[in-house]
Amino acid sequence: MGLLSLIIWLPLLGSALLALLPASVERYAKPVAVAIAAVTLAVSLSLLGQFQSGTYDFQLKENIAWAPAAGIHYALGLDGISLWLVILTSALSLVAMAASWYVDTRVKAMFSLLLLLEAAMLGAFLSLDLILFFTFFELTLIPMWLMIMGWGNAGRQQAANKFITYTFVGSIFMLVGIVALALRYRAVAGSLSFSIVDIQDTVANGQLWTGAIVAEGAIFWTFALAFLIKSPAFPFHTWMADTYAASPTAGPILSSVMVKMGTYGFLRFALPLFPDAVKSNAPILMTLATIGIVYGAVVAAVQPDMRRLLAFSSLSHMGFVLLGIFSLTDAGLVGGSFQQISHGVTAGGLFLLVGWLIQRRQTGELSEYGGLKLQMPHLATLFFLLLLGSVGLPSTNGFVGEFLSLLGAFQAGYWGMNGLSVGFAVVAGFGVVLAAVYLLILFQKIFYGKVENPENRRLLDLKPWEIAVASVLVVITFGSGLAPGVIIRSMEPSLQGAKLMATNPAGNRPSWKSGSPSVVDKISEPMAALLPVSNPTGGNQ
Amino acid sequence: MNGALPAIEITPSLLMVVALAGIAALAAVGVIAFNNPIRSALCLVVNFFMLAALYFTLNAEMIGVTQVVVYTGAIMVLFLFVIMLLNLGAPIVKPEAKEPQTLVGLLLGVVLFGVVGSQLLPPLLSVVKVGAADNYGSPEALGRTLFTQYMFPFEAVSILLLIGVVGSIMLAKRRI
Amino acid sequence: MNGVPIALYLGLGLFMFTIGVVGVVIRRNPIVIFMCIELMLNAVNLTFVTFARYQMSPVPAGGMARESSMMAGQMMVTFVMAVAAAEVAVGLGIMMAIFRLRQNIDVDELNILRG
Amino acid sequence: MESNGFNLIWLVLALPLLGFLLQALAGQRIEKAVGRRTLGALAVAPIALSFLIAVFLTQRLAGLAPGDRNVVVWGGEWIRISQLNIPFEAIVDPLSMTMVLIITGIGALIHLYATGYMSEEREYARFFTYLNLFIASMLILVLGNNLVLLFIGWEGVGLCSYLLIGFWYTDLANAKAANKAFIVNRIGDWSLTLGLFLIVAALATVFPKVSGDRILSFDTMLPALQSILKDNPALATGIALLLFGGAAGKSAQFPLYVWLPDAMAGPTPVSALIHAATMVTSGVVLLNRMHVVFECSPVASAIVCAIGAFTALFAALIAFGQTDIKKVLAYSTVSQLGFMFIGCGAGAYWTGMFHVTTHAFFKALLFLGAGAVIHAMAHEQDMRRYGKLAKYLPITFGTMLVGALAISGFPLMSGFFSKEAILGAALAGTHAQVDGFAIGEWAGLVGLVVAGLTALYMTRLTFLTFLGNEERWRTAPAEIHHESHAVAFGVSELLDLSDPHGFYKTMDSQAEEDHAHHGLTSDHTPHEVGPSMWIPLVVLAALSVFGGFLLQSNGMFEHWLQPMPLPVLGEVRTEPTTINLTMYSLIAAFAGMILGAIFYYRGLPANQGLDETKWTPLRLWQRNQFGFDQGVTTLAVEGGGDLGRSLWHWIDNGVIDGFVRGIALVATVSGGVLRQIQTGSVRLYALVMLVGVVGFLSYFLVASHLAIAVTGGR
Amino acid sequence: MFHFAPQTPEWIAVLPVMIVAIGGILGLIVEILHPKRDNNLIVAVSLATLGLAAVVLAFQVGDTPFDTVYQTITRDAFGVAIQLIVVISTALCVLFSESYLREKRIAHGEFYPLILWSATGAMIMSMTHNLLVIFLGLEILSVALYVLAGLSRNEEKSEESAVKYFLLGAFASGFLLYGIALTYGATGSLNVDAIAAAWRNPDATLHTLLLFGLGLILIGLGFKASFVPFHQWTPDVYNGAPTNVTAFMATVSKVGAIAALARVLEGADHLSALWAPVLSVIAVLTMTVGNVVALRQTDVKRILGYSSIANAGYLLVALIARAGHVNGRPADEVTLGPVVFFLFSYCLATIGSFAVVSLCAKNGSETTTRADLNGMAKRAPWAAAALVVFSASMIGLPPTAGFFAKLFIFEDAERSGWTWLAVVMAVNSAISVIYYLSIALAALTDEKVEGADLALAKPRPVSPTVTGAYVLCAVGVVMVAVFFSPMINWIGLK
């Protein structure tokens, strides 16, 4: 079993182990789960040592024929795009466990589900086979639903059903698209295959989509719909706020990883597999992203519940990811991918702190709070520091992602859709302003003012271990903001590969299977991406 | 074959068949027309008898005999027995005549008859030649066939009859 | 019997079949409906025997093909009769059972199960 | 450039950062262990040390040939993608070192002052944490060798400003003022970011094959921009205006000035340091840094000039209507910042910096003086409750008088020289123009008027506070706000609840004192402040008197800053040819002072008293900033809130979920319709089957005819 | 005359059927000998004979196909596969029946012989090209089911479902018979293989006869398979019949009908240009009506009834796609593999679902609305988990058998030029998500506290046989997917 399998199966088997544990040893459930998750994290981190940057090819590949007759493989692989998501997932799973530490009921089940979710998400990030990916993609739903139903707050049933219906219906369309894609592949290659390595090879040499513009667009949209709902992007986001508000503490934390499966899906599948559709639909998706950024921010500012507020903030922040990705520029892709990670850390951290607070006070209504800074100074400080990451203050990770995404969006104007994308950058940039608005309102409503509510006067500050956990996230927030190179260096070649797969003309696209002798060398000249391709001399006038 | 109707030679046998068929058809109509189930059943008996006679005109003696024995002798008796047992002799159900369903049903019946009949009957009016040997309906022929070519169906039908027996016992027995 | 067009038998069969179908659709007494079904079966039987007798269809030459063909229709009738017997046994049993439960067998009132 | 010997610049930056970390992580413990004085000393020391190092470095820089005074010090890698390398680098040049000196020098003084001013406050350590962080951020802002690094400092100072304005966060008004400051600044930052993007895009047109290393670093970027923009004034205008948008946000120019007056909610040392001396001038620094762009665009320069002039006038008029001593100074700051932009817009960038420097001296002085007054008057800030304070606060009075004279343009004091230089450049300049219409000259004329107004409202302030004939707080004491101590009402019952995880307090030890000021009472006797507070006042007063003269002599400051890299324009004259500037500005200054003295020598006029019903509508309007701030804020806060709520309700719950519900409804309704035939009736089922049969057979009837017709009956 | 040459039948071909039939007889004997005892011995006998039949069938996999018993019996890969499915499905139904019947207080020993004999009907339908044998098989299957539907004799809905099923079933048999008669008239034979020859004869009257005959046969079999508009009995009967009978009805009966349909259509392949269009319309109607109406249902058995209608539509797509000879696909490429595979996955998931639903029976009564499933996760966590797996399979999610089944049908349809039908099927699958999901989620939802009968809500021990049934089904659904390729190769249909 390879390292990647280990990463997936460790939590999966751990989950089964916990589920099968007799009720009499329930008290060991938490430590056992944490130990498993910690080992998983350690293994994930060990990937950093194994990882070779400088290539867009998959590494540590595993491939077992699962159903050869149907062209389905148990195929795993790691590249710069997934590397950090894997680490993020395993790290945030531990954070989610920290957030669930105060769960008293059905502890075993809760932590078993947490591990299951972790395994599913890791699997989704590591799959190189569409069916395998879809399996893991869907596998996240039931545990999440169960967590909401079993440990959620008021309105959980409606929220849980909304969550599962929206995300599920979306992904069903993707499944249809996956099958259609495989059938299309069979038509040109002669046998079924769901391996993206196989399929992308025929895309790269132009076999697959030549003369099938409509099919490409249609299949692209089935994927896009699923990913847009997952990410979520405007107008597919309405499940999110309800879900977050009704979830138990761990829900939103893991959910903030889960939403990455949407944007990751675009990077991993949409760009390499549907290049022409991606290019022609990029303005639409960028529009949705931009609307989402501003809309999410505006609506977040008026939310009466802190989890809802952060949910809409996620809508806004994930918009930057989408914007960056579909700018199809190096800066945008790096920015979008970086923003994935940084949103995971900051949003995860904020949800963690909010979760602890809610566990103490049993409510997320902002009107119930106020003046807590005096009462819980450590919480306030940690909250504020993470919030800075979310605001996108330079020197935090949030800035790097948003800045590069916006830069990419701006640059995209030099690539075939003048003006429009500048508009995206301008409007989306305003989202950064609005981020300050709603987040400062959030902070003000919780922490500033006097302690009016007697319930709040009882509260003690965070415990030392809680401070330690949150501090780690704070350190990551600022550390990766000040030294983003560590992350960017390893993800960039893969992103460049994805970009070229999407933007180069057929026949000149890199391929995971047969490589690309010429194109990558040419492009690695640093300024090339800034070049106005369509209009070599004109500025933006 | 779609030209004018071919001239049909009027023979006594034809007249006899027409008469039998006419009675059978009338009896069939009677089955659905009478409100009283007993009358329906009796019409059905008449119809079955006429059919038996028609089988004889087709030289299918064994079938004709079986028809009388099985249908008229067993099945219809069973029907009448049940009708009596359940005391359904009187027309307990409301008459259906005025319901739209009746109208639609009749209409569809006409259409069905029209669709199939219009295609089948006119071209076949001229076919009078019989292709089968005259003794094809003899008990011997049937017996030989049944125990060679149709031995598997013959075995299989035993399961069916077993089901019939066990099933009716189950439905009728007192222990619940 | 020579001289009788096949259409006469087939026409009677079709007519009886149609009457049976119509009866099933328009009658509410399940016993009568069942009798109509028997009417349909008998129409079918008549049709089988008629086809067996007239042998309109071409059959592969040689061997016992023609004989097989003329027996097939009669065999079918035989088995239909057997099946009808079994069906009657079971069908009437079912009707007795529901009558015992409801004292009423108007099929239009059998509508607990709907929607 | 060789960075030899300039690596010390990192120490300048590191010291405040270390101070910050020390205060943040160990401040409270130190305070408990060794007391506030030591903690205060630990806060001041890094800044002072930084200042000393900065002096040393400045000397070394001055020792270089003028053309070499442009040293880049490599720090490390930051953001690097294949097309873009944005490293940590410091630029050491006259501009940055000037600012470093101001920041650390004035900063150290204000830190010192704050040790006294804040001595009675809770959370002493937190205050100095923020303050040290501010110094560090500000240093990053001025030292950063590229716009993105500058942006770290840019937002960093905004953050510190936010934290310090909201320092007394238990009062929600302060928190809201802090929010406003941050958000309005962010609007400016938005513009700055877009300007940056536009620069990157513009650079892409000239760096097709060149290595993308450090293209955003000033030493690489500015020459490149110069070569691009020289021939492309429209692009230059675009970039310039976007950058100016950023500058206007930070430097409180119309219409983004609205945050600055509210920012006075912070402790007074903060107002002095951040909202007068340093942070608010970073817009001017930005313009100086990016002067190439502005020099390529007369139109943008004209707009800068015009906005500067308008802001100067507008704010001066408002300042005249204020009763809160800090608000007067705040609007005065806005107004003076307008002056600086007039200078920059006119193309004489060094004049802007000159005014930045002198303004740092006297405005810091004025704020600190005001702080001393407020400190002495039990946190009362309303000038209508002051009067005759000179008697009680002689040092404060003396130093503030110096400051007032300096800002009013009293001859030979620092403000006189810098203002002179700006107005001279404006009136003489031909750079800022649109279609040959020289906006600079008009701006200069407005500047003269504003100079008069400045003198007027400063005189008003001085008279109302220190002079006059009555001690007005004795007749009109402030309303005392009884802080409602949210004592543990009902809390003890709550404490009985089960607490398996140890979330809650166990004993009733939580009735903590909120921060409460003691109101100003009629028997209050003001006392002069202690040495830690008056020493900075005296130093600054000295600088205010002599600083301008010293820097001006022999054109020292001009020569220090003028050979900024890459001048596009030729030499910019600062002596108008048409009028005798000195005479006019003296007339303006003295007219203002004399008028002020006439109006206010007797004290508070009745129509400006506490009873605001007696105010003239014009004055009320003036005081309310001509309704602008209120209008904008109302629009933004309420309009934004309404927008958000209606979007939420209409789009989220209405349109999107409605759409989904609609689809579900269509499906279930059609399901329901189909269910109608599922009546449970056997006869109906049979009928439906019959329909199917008939349909099926009819199809075969038609199809067979068609098939036979087509195939001829295969 | 009429001395037909004697043949030595290869009885091995009908051995599985005989074993199962004899198993029923043995069960009957046991019941007669010990009428008042519990039925464990009968269950054991039934399972043993079914197991034996399965073993025999397993040994027949991969043999060369042949006809025997005077061409009334055909032994080929398809027939063996279908019989295996029937035997396995019946065994699974038997497995969870006893506990359910006892809970419902209708534990008659005769149930087992009847269900075994009924299964032989389905097996017979799959192993012949002879219309007479098909008809007999159908009647054997049906007559037993009429009885079984009315098994719960004190329940009105059970009796009502029996009456409905019987009347409509016999009605449909009439059409089937008339169709056979007309086909016989046209071909002179009861063998479906004769249809091709008759179609080559240029006599237009015979063509018409043939077409009508074929049409009526399709109607008769379509009734059993629940095609729209011959589907209306399905939800009512499924709802009223005892749950284990419903499970059997939904699976074995449909398997038999589809197998016979496949045989008939195979014989009528040369006419496919005529029947494929109309069947495609029926397929669309069937899928759509089934799925759309299911959305409005609250009773789980009804939902599964409509689901079985929809699945019949999917199967019809597979059958239509097989009419691919006309589209120039090589004949050896066109197998009944997708049909078989779909049937198998459908049977496993359906029986499993009904086994879980059968847990709703309490003390002689049974309500099966979605709300009745609430709390399943607590009472019987494995049942809830299994139901999730079944729902996933019915929806067609990987990695379950259902996904592969649908994938095969899509592929076949696309290759045969029926892409639009595949698209309709995909859309329908997407619609079906909603109600399958609602079932799965209902089982995972906790009971509502208010109004819940706490005594009943207490966990009751679930009989190990029931658990065995649904766990086997669930494992099967997953294992079929995991060992998909070896299985396909073994059965030899792809």
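Just so we're on the same page: letters track the sequence lines, and every chain starts at 1.
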Asks: Return the option, out of B:Leu112, B:Ile75, B:Val104, with the maximum number of heavy-atom pairs under 4.5 Å with chain C.
Replies: B:Ile75
Asks: How long is the gap from CZ on C:Arg66 to OH on B:Tyr136, to the nearest 0.5 Å?
Replies: 13.0 Å
Asks: Could you check whether any side-chain heavy atom of C:Met75 comes within less than 4.5 Å of a side-chain heavy atom of B:Pro153, counting everything from C-beta outward?
Replies: no
Asks: Which answer fits B:Met62, side chain, backbone, both or neither, if we ask what part of it has an atom under 4.5 Å from a heavy atom of chain C?
Replies: neither
Asks: Give me the contact list for residues 45-53 of chain B versus chain C, heavy atoms only, anything under 4.5 Å, ordered by residue number.
Replies: B:Asn47, B:Phe48, B:Leu51
Asks: Mind checking the OH-CG spacing from B:Tyr71 to C:Leu41? Nearest 0.5 Å is all I need.
Replies: 5.0 Å
Asks: Name the orientation class of the two ring planes belonging to B:Phe113 and C:Phe15 (parallel below 30°, tilted from 30 to 60°, perpendicular beyond 60°).
Replies: perpendicular
Asks: Going by the rule side-chain hydrogen bond (donor to acceptor under 3.5 Å, both in side chains), which residues pair with B:Thr145 if we only count those two or more places apart in sequence or in a different chain?
Replies: none
Asks: Can you tell if the side chain of B:Val116 reaches within under 4.5 Å of the side chain of C:Thr18, non-hydrogen atoms only?
Replies: no
Asks: Do B:Val31 and C:Glu38 pass the side chain to side chain contact (heavy atoms under 4.5 Å, CB included) test, and can you show the C-alpha distance, the side-chain angles, and the key distance before you say yes or no?
Replies: CA-CA 11 Å; B:Val31 173; C:Glu38 292 299 330; over 6 Å; no
Asks: Would a 4.5 Å heavy-atom cut-off, applied to side chains only, mark C:Val32 and B:Phe34 as touching?
Replies: no
Asks: Given a strict heavy-atom distance threshold of 4.5 Å, which part of B:Val165 is in contact with chain C: side chain, backbone, both, or neither?
Replies: neither
Asks: Check the pair C:Phe79, B:Leu146 against side chain to side chain contact (heavy atoms under 4.5 Å, CB included), reporting the backbone distance first and the verdict last.
Replies: CA-CA 10 Å; C:Phe79 284 109; B:Leu146 191 58; 3.7 Å; yes
Asks: Taking the side chain as everything from C-beta on, heavy atoms only, tell me whether B:Ser168 gets closer than 4.5 Å to C:Leu92.
Replies: no
Asks: Are any non-hydrogen side-chain atoms of B:Leu120 and C:Leu14 less than 4.5 angstrom apart?
Replies: no
Asks: Do C:Phe34 and B:Val82 have side chains that approach each other closer than 4.5 Å (heavy atoms only, starting at C-beta)?
Replies: no
Asks: Using heavy-atom distances under 4.5 Å, tell me whether B:Gln149 contacts chain C through its side chain, its backbone, both, or neither.
Replies: side chain
Asks: Would you say C:Arg53 and B:Asn59 make side-chain contact, with heavy atoms under 4.5 Å?
Replies: yes
Asks: Which one wins on heavy-atom pair count under 4.5 Å against chain B: C:Val21, C:Ile6, C:Val90?
Replies: C:Ile6
Asks: What residues, two or more places apart in sequence or in another chain, satisfy salt bridge (Lys or Arg N to Asp or Glu O under 4.0 Å) together with C:Arg102?
Replies: E:Glu156
Asks: Please determine, among B:Ala41, B:Ala156, B:Ala74, the option with the most heavy-atom pairs under 4.5 Å with chain C.
Replies: B:Ala41
Asks: Heavy atoms, side chains only, cut-off 4.5 Å: are C:Thr78 and B:Leu142 in contact?
Replies: yes
Asks: Hey, is C:Glu67 close enough to B:Arg144 for a salt bridge, meaning N to O under 4.0 Å?
Replies: no
Asks: Output, in order, the C-alpha distance, side-chain angles, deciding distance and verdict of side chain to side chain contact (heavy atoms under 4.5 Å, CB included) for B:Val17 and C:Leu8.
Replies: CA-CA 8 Å; B:Val17 170; C:Leu8 187 55; 3.4 Å; yes
Asks: Identify the residues of residues 20-30 of chain B whose heavy atoms come closer than 4.5 Å to a heavy atom of chain C, ordered by number, or report 'none'.
Replies: B:Ala21, B:Ala24, B:Ala25, B:Ala28, B:Val29
